[in-house]
Number of protein chains: 2
Amino acid sequence: MRVSRAQADENRQTVINVASRLFREHGFDGIGLKDLMAGAGMTQGAFYKQFESKDDLAAQASQRSLENALGRWTTAAASKPEDPLLAVIDFYLSLGHCADKADGCPMVALGSDAARHGPDVRATFESGIRGYVDMLGGWMAPDGNGADSKAMAVLSTMVGAVLLARAVNDEQMSKSFLQAAAASVVTQTSTNATPVGPRQ
Amino acid sequence: MRVSRAQADENRQTVINVASRLFREHGFDGIGLKDLMAGAGMTQGAFYKQFESKDDLAAQASQRSLENALGRWTTAAASKPEDPLLAVIDFYLSLGHCADKADGCPMVALGSDAARHGPDVRATFESGIRGYVDMLGGWMAPDGNGADSKAMAVLSTMVGAVLLARAVNDEQMSKSFLQAAAASVVTQTSTNATPVGPRQ
DNA sequence: ATTATCTATAGATCTATAGATAATGC
DNA sequence: ATTATCTATAGATCTATAGATAATGC
């Protein structure tokens, strides 16, 4: 029954990866340890040799998803060096992103949950969120309201738009939130205000 | 043991009011029927004579909190008719609002949860959210990207900022998100860009 | 000898239902 | 007679722990 230390480490990573998806999909309180472990191909009994508590896993899985999602931002940005922000907006403010909670932005999927949880989870979100602010900040000129003010406003707009787009049934309304946010971000960040184009 | 029909109706309203607070505080999955009913001074057994299911209560409590919170917007707006948006921003983008989840904005407190729940809850959020968009839309000129585009972007920014402000431990960072959002909203909506003032 | 995982279980809690009780409504 | 609420409970699930097992690591 025992596996090698390397295999055990790998199993642990798998659990974190599975949890990072399932927590985003069902919330911290919406999925149990049994299902989390089963998703990693193990039984519940192995859990407490790997993690201190469910909250411990919540913090680690949050970090994993925040890092992964930021990685997707980096990839998108690299694909369009002349306008990285637009590349990010393009996938972030999309119906595809709205539909894919498990692989989507953890700030949107777990933001309400994080606010209710312990300082460990919030510490993870705090440093994760700083990463997004820093990346955005590198793409825009400061606006005289503090170094990261513009980046923080843009991140708020993006996160809020996807949150609201996911909270409604009407797909047209979802699309409107995404487009409105995109137009707003583009207007706010481009000095020579780029035209935003017709409604899709 | 039986109470009058009027009393039963009143009890039902109390349950909805209690649930509208406790759901915002703990999430739909973070509080049980026993505690919800206890908060209204009753036992769990009475629940299913009043509601079809927990999801039914979730939808009704969501509606109640969306209406109540919009009422607070109306009150704030009425207190400053020359600049209602500023009056709303003033309390919405505040640390006080961040600290008061149970009485605060349900889009922030339950947005992530709503996205995971059934069409009933989402239908409630949808019509609730339209109320906020409509109110905001009345306070700003359209921007050529569709009738409600600006209002939707502003709402996204406000909701996102409070969501992120609540997800971090560092109070200074929370404040920065709130101030950044306020500056962004003011800049976006005022044609003769109102100065935003020094950092608090 | 140690230990990663397993099965099994404790003890609490969850949603939902059943049946008893006592007051209302007719 | 009806019914709003109560107590009690079914049956499932939850987090966490205990002890067994079998393979690793020394």
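Below, chain A is the first sequence line, B the second, and so on; all start at residue 1.
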[X] [atom1] to [N] [atom2]: how many Å, rounded?
X: A:Phe47; N: C:dT9; atom1: CZ; atom2: C1'; value: 18 Å
X: A:His26; N: C:dC14; atom1: NE2; atom2: P; value: 20 Å
X: B:Ile31; N: D:dC14; atom1: CD1; atom2: P; value: 18 Å
X: B:Glu10; N: D:dT5; atom1: CD; atom2: P; value: 11 Å
X: A:Lys34; N: C:dA8; atom1: NZ; atom2: P; value: 13 Å
X: B:Gln44; N: D:dA4; atom1: CD; atom2: P; value: 18 Å
X: A:Gln7; N: D:dG25; atom1: CD; atom2: P; value: 11 Å
X: A:Asp56; N: D:dT15; atom1: CG; atom2: C1'; value: 14 Å

*If each of B:Glu52 and A:Met37 is mapped to the nucleotide of DNA chain C with the nearest heavy atom, which maps nearer the 5' terminus, i.e. the 5' end?*
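The 5'-side residue here is A:Met37.
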Just to be sure I understand the rule, does [X] reach a base, reach only the sugar-phosphate, or reach nothing, if contact means heavy atoms closer than 4.0 Å?
X: A:Gln50; value: sugar-phosphate
X: B:Lys54; value: sugar-phosphate
X: A:Thr43; value: base

_side-chain N/O B:Tyr48 vs C:dT17 OP1/OP2, d < 4.0 Å_ =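 So the side chain of B:Tyr48 is outside the cut-off, no N or O lying under 4.0 Å from OP1 or OP2 of C:dT17.
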*Does A:Asn11 put a side-chain nitrogen or oxygen below 4.0 Å from OP1 or OP2 of C:dT5?*
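Yes, because at least one side-chain N or O of A:Asn11 sits under 4.0 Å from OP1 or OP2 of C:dT5.
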*Check whether the side chain of B:Arg2 and the base of D:dT2 form a donor-acceptor pair under 3.5 Å.*
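Flag set: donor-acceptor pair detected.
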*Out of D:dT15, D:dT5, C:dC6, which nucleotide sits closest to the side chain of B:Ala46?*
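Minimum distance to the B:Ala46 side chain belongs to D:dT5.
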*asked:* As a test of reading the structure: which of C:dC6, D:dC26, D:dA4 is closest to the side chain of B:Val3, going by heavy atoms?
replied: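 Comparing C:dC6, D:dC26, D:dA4 against the side chain of B:Val3, the answer is D:dA4.
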_Salt-bridge present (A:Glu25, A:Arg21; N to O < 4.0 Å)_ =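 No, no charged N to carboxylate O under 4.0 Å.
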*Map A:Gly32 and A:Lys49 onto DNA chain D by nearest heavy atom, then report which one ends up closer to the 5' terminus.*
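Going by which nucleotide is closer to the 5' end, it is A:Gly32.
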*More 5' along DNA chain D: A:Gly30 or A:Gly45, using each one's nearest nucleotide?*
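The residue closer to the strand's 5' end, by nearest nucleotide, is A:Gly30.
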*Check step by step if salt bridge (charged side-chain N to carboxylate O under 4.0 Å, His left out) holds for A:Asp113 and B:Arg116.*
CA-CA 12 Å; A:Asp113 296 57; B:Arg116 295 172 207 128; 2.7 Å; yes
*Give me the ring orientation class for A:Trp139 and A:Trp73: parallel if the planes are under 30° apart, tilted from 30 to 60°, perpendicular past 60°.*
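Correct class here is parallel.
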Pair [X], [Y]: side-chain N/O donor-acceptor within cut-off below 3.5 Å:
X: A:Arg2; Y: A:Gln7; result: no
X: A:Ser65; Y: A:Ser20; result: no
X: A:Thr14; Y: A:Glu10; result: no

_Pairing partner (Watson-Crick or G-U wobble, both distances under 3.5 angstrom) of D:dA10_ =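 Here D:dA10 is engaged in a pair, and the nucleotide opposite it is C:dT15.
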_Partner lookup for D:dT21, please. Criteria are Watson-Crick or G-U wobble with both distances under 3.5 angstrom; report none if nothing qualifies._
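Here D:dT21 is engaged in a pair, and the nucleotide opposite it is C:dA4.
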